[in-house]
Participant: 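Below you'll find the structure I mean.
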Protein chains: 2
Amino acid sequence: MPDTSPRRRKAATIHDVAQAASVSTATVSKFINGGQRFTREVEERVTQAIRDLGYRSNPLARGMITGRTGNVGLVILDILNPHFTSLVKGASRVAMRAGLNLLFADATEGQTPVLAMLQDLSRRVDGLIVSARLSEIATDWLQHSGVPTVYYGGQQSLAGGYGVGADSKTAALMLGRYLRDQGHRRVHYVGFSGARWSADRWQGLQQAFEGSEAALTLHDVAAPVAEEGERVASSLLLSAQPPDVVVAYNDLLALGLLGQAQALGLRVPEDVSIAGFDNILYGRYTSPALTTVDMASELTGEVAMQRLIERIQADPDTPLPTGHETLASRVIARGSTAARRMA
Amino acid sequence: MPDTSPRRRKAATIHDVAQAASVSTATVSKFINGGQRFTREVEERVTQAIRDLGYRSNPLARGMITGRTGNVGLVILDILNPHFTSLVKGASRVAMRAGLNLLFADATEGQTPVLAMLQDLSRRVDGLIVSARLSEIATDWLQHSGVPTVYYGGQQSLAGGYGVGADSKTAALMLGRYLRDQGHRRVHYVGFSGARWSADRWQGLQQAFEGSEAALTLHDVAAPVAEEGERVASSLLLSAQPPDVVVAYNDLLALGLLGQAQALGLRVPEDVSIAGFDNILYGRYTSPALTTVDMASELTGEVAMQRLIERIQADPDTPLPTGHETLASRVIARGSTAARRMA
DNA sequence: TTGTACGCGTTATCAT
DNA sequence: ATGATAACGCGTACAA
């Protein structure tokens, strides 16, 4: 079947419109950008010409002179993780409402060094939303470049930067208290040291059990994904001193742990309780459903984008706010955790 | 804490480089674009100047003259659906490898009419990957505009377009045969008429059960999401003639059905079998795990992006291939479906 | 091998 | 109220 589709037609330019309406390009430009009003006569002719020619201004040409691309960049660590997916959703919604396009980059593929990716991206966008988990050379360059940037995740504010996200230590503290009240005493935490705030969650847990007789044990995995949860499950669950609750760095790990625990013949939560962080949608559909902590994934994306837009539109002479905006998290208690007899 | 970060510095231009290296801008341009070779002397000076000034060419200015933006657009219906998330992952990987940036748009937010979104997007990209599920006015405009486009999903080739994806009817036929062999006789299909190929899946199911005594029933939901699965579960499962297997249009619906079935006190698969389409990751972590059909989500994204790149780079004088590229699907049999006694 | 000069489509400045 | 024209930063004929 031969191709009959038209080649990309060279779009009408502002010049074409001006000519068709018998006015100057300046007039058309001003009319479009809404600065001024004109004679009824002129307005009608221009409107007509624009409609006839299907004119839309060239974003590149416009960007060259205005210095605005109309794009914002969003760098995600792993789009397959529902936590980040939700973040994208929130950010996307706000961007769209503001008439901004979303330039999406998945940093999972270590192909390109992140720094090079950021440098490339930064020329194509008005601002950037990136993970607070980026390498220091990357964040340093971002600061130095002066590109409007908002960080999501980790709550320690980078010098001169602005961050948005739920607080990991608080979240872990709340989860820890809940588990402590349930009578858990042998607590294992499966951390992911690749994320700085895994340590915060570990601290929060420890703090929650302070003064109790609980024994806390720390593990570490290579990646915050379900497969890793499955991989470490047996060594963790079948040890001499098995945990009565396993807290995972995130829900994906918890999902893997839960599945493998059951595959190993353990009953959840009777034999072992399991909990995670992020409140991903799919934690509701396991049985038992997964206890987790909602980390405001989607809201993080929304707020980050709002703040970025504010920074982009900010008066160049007034200083930009610095620091971290902490969003509320909350424990979602479900069936994967249950009370223990007090020993 | 006051802001100490630098304002966005005006990046070095090719002019600055030329001046610093005591050559002309043309020399720098040719050097960068690799067309020619120069005197050792000149090459060194230029390289040095580029390094010193941290020069990177302005994509907008370059785009104006080359007609290439270096961006590709990807329009997704609902990024929260893991099927589409995987597609994005695949497309993103290929784009990144090709040095292209991904302009992502979530069409869920019906805020902007899709057509306007496409028109806007099309000026910012070299090509577009969109759902075959778009409205006709949208696809018509795309054809007419001549923007290189690849469709994902539905297998009916749009006139003059190019599509990529697994075949729904074949997939449903395979699943249907598997279920028929298991002895299922009261088959309910929970469709989503919003997607054209939901009908294909229904047809495939029907074909699989042709000549059997099975009774097939068709349902419809308003959206292909888990909540809808939960919503319709009771009326479907507690009817006078309850199904012995429920096939859902996709895994999200199946997940909702599965969860609600169990909440209603039904045992899966003993009382009712449940299956879906897409093979989303989280179907593995329910119990029982979800039977599904792998629809090559990630591969769809990869191939679609490859084909788009080919179309973008194609010689303007040779006709572009038209039609549909069908990817292999396969049944993933898991615990949510089990054999029935032959009646 | 290297440089000059024009044009890409737009907005902004300055006249009129 | 409207128009002429200079940027914006780059690639590329064409000239040298």
Side-chain angles (χ1 to χ4, degrees), chain A residues 8-50 53-71 99 119-120 122-126 316, chain B residues 8-47 49-50 53-71 99 119-120 122-126:
Chain A
R8 192 164 194 163
R9 47 182 56 196
K10 40 206 165 306
T13 75
I14 200 173
H15 217 88
D16 300 331
V17 174
Q19 193 163 346
S22 306
V23 296
S24 77
T25 60
T27 301
V28 180
S29 177
K30 284 167 188 162
F31 177 73
I32 290 172
N33 297 0
Q36 305 183 12
R37 291 205 56 79
F38 301 87
T39 321
R40 278 202 82 69
E41 170 91 18
V42 172
E43 287 199 10
E44 278 178 6
R45 289 213 309 268
V46 173
T47 307
Q48 192 58 241
I50 289 179
L53 281 65
Y55 171 74
R56 330 201 90 230
S57 88
N58 182 329
L60 273 61
R62 159 177 285 186
M64 282 210 55
I65 178 136
T66 62
R68 292 266 170 94
T69 62
N71 301 327
Q119 293 176 330
D120 219 73
S122 68
R123 303 287 318 240
R124 302 173 172 276
V125 299
D126 299 330
Chain B
R8 192 163 195 165
R9 47 182 57 196
K10 41 207 164 304
T13 75
I14 200 174
H15 214 87
D16 300 332
V17 174
Q19 193 164 346
S22 305
V23 297
S24 77
T25 59
T27 301
V28 179
S29 177
K30 286 168 187 161
F31 177 73
I32 290 173
N33 297 359
Q36 304 185 15
R37 292 204 60 80
F38 300 86
T39 322
R40 277 202 84 68
E41 170 92 15
V42 171
E43 288 200 7
E44 277 179 6
R45 289 212 310 269
V46 173
T47 307
I50 289 179
L53 281 66
Y55 171 74
R56 331 202 89 230
S57 86
N58 183 328
L60 273 62
R62 157 176 283 185
M64 283 212 56
I65 178 147
T66 62
R68 292 267 170 94
T69 62
N71 301 327
Q119 293 175 330
D120 220 72
S122 68
R123 303 286 319 239
R124 301 173 172 277
V125 299
D126 300 330

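Per chain, numbering begins at 1; letters A, B, ... match sequence-line order. Just so it is clear, the values below take in all heavy atoms, side chains as well, and ignore hydrogens, waters and symmetry mates.
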Participant: According to a strict under-4.0 Å criterion, is A:N58 in side-chain N/O contact with OP1 or OP2 of C:dC8?
Facilitator: no
Participant: Tell me the interatomic distance from B:I32, atom CD1, to D:dC10, atom P, rounded to whole angstroms.
Facilitator: 8 Å
Participant: From CE of B:M64 over to C1' of C:dT11, roughly how many Å is that when rounded to an integer?
Facilitator: 12 Å
Participant: Send over the distance from B:E44 CD to C:dT1 P, rounded to a whole Å.
Facilitator: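 Spelled out: CD on B:E44 to P on C:dT1 is 17 Å.
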Participant: Whole Å only: how far is the NE2 atom of A:H15 from the P atom of D:dT5?
Facilitator: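 These atoms are roughly 12 Å apart.
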Participant: For DNA chain C, whose closest nucleotide is more 5', that of B:R123 or that of B:F38?
Facilitator: B:F38
Participant: Of all the nucleotides listed (D:dG9, C:dT11, D:dG11), which has the minimum atom distance to the side chain of B:A61?
Facilitator: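 Closest of the options to the side chain of B:A61: D:dG9.
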Participant: Round to the nearest Å and state the distance from A:L60 atom CG to C:dG9 atom P.
Facilitator: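 Taking atom P of C:dG9 as the reference, CG of A:L60 is at 11 Å.
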Participant: Closest heavy-atom contact between B:R62 and B:N33?
Facilitator: NH2-OD1, 3.0 Å
Participant: I want to check one thing: is the phosphate of D:dT2, taken as OP1 and OP2, less than 4.0 Å away from some side-chain N or O of A:T39?
Facilitator: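 For A:T39, the contact criterion (side-chain N or O under 4.0 Å from OP1 or OP2 of D:dT2) is met.
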Participant: Confirm from the modelled atom types if A:K30 and D:dG3 form a donor-acceptor pair under 3.5 Å, side chain to base only.
Facilitator: yes
Participant: Are the side chain of B:T13 and the backbone N or O of B:H15 linked by a donor-acceptor pair below 3.5 Å?
Facilitator: yes
Participant: Taking the nucleotide of DNA chain C with the closest heavy atom to each, which residue, A:P59 or B:S22, is nearer the 5' end?
Facilitator: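 Nearest nucleotide further toward 5': that of B:S22.
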Participant: Please tell me if B:T27 has a side-chain N or O lying less than 4.0 Å from either OP1 or OP2 of C:dG3.
Facilitator: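 Looking at the OP1 and OP2 atoms of C:dG3, one of them is under 4.0 Å from a side-chain N or O of B:T27.
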Participant: So, is A:T25 close to the C:dT10 phosphate, meaning a side-chain N or O under 4.0 Å from OP1 or OP2?
Facilitator: no
Participant: Under 4.5 Å between any side-chain heavy atoms of B:R56 and A:D120, yes or no?
Facilitator: yes
Participant: By the definition side chain to side chain contact (heavy atoms under 4.5 Å, CB included), identify the one residue from B:V23, B:T27, B:V46 that meets it with B:F38.
Facilitator: B:T27
Participant: Between atom CZ in A:R56 and atom P in C:dG9, what is the gap in whole Å?
Facilitator: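 About 17 Å, once rounded to whole Å.
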Participant: Counting heavy atoms from C-beta on, name the nucleotide in D:dG3, C:dT10, D:dA13 closest to the side chain of B:A26.
Facilitator: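 That would be D:dA13.
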Participant: Could you state the CD1-C1' distance from A:I65 to D:dG9, rounded to the nearest angstrom?
Facilitator: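 Whole-Å distance recorded here is 12 Å.
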Participant: Does B:T13 place a side-chain N or O at less than 4.0 Å from the phosphate oxygens OP1/OP2 of D:dG9?
Facilitator: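 So the side chain of B:T13 is outside the cut-off, no N or O lying under 4.0 Å from OP1 or OP2 of D:dG9.
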Participant: So B:I32 and B:V17, do their side chains get closer than 4.5 Å, heavy atoms only?
Facilitator: no
Participant: Take atom CG of B:D16 and atom P of D:dC8, then tell me their distance rounded to the nearest Å.
Facilitator: 11 Å
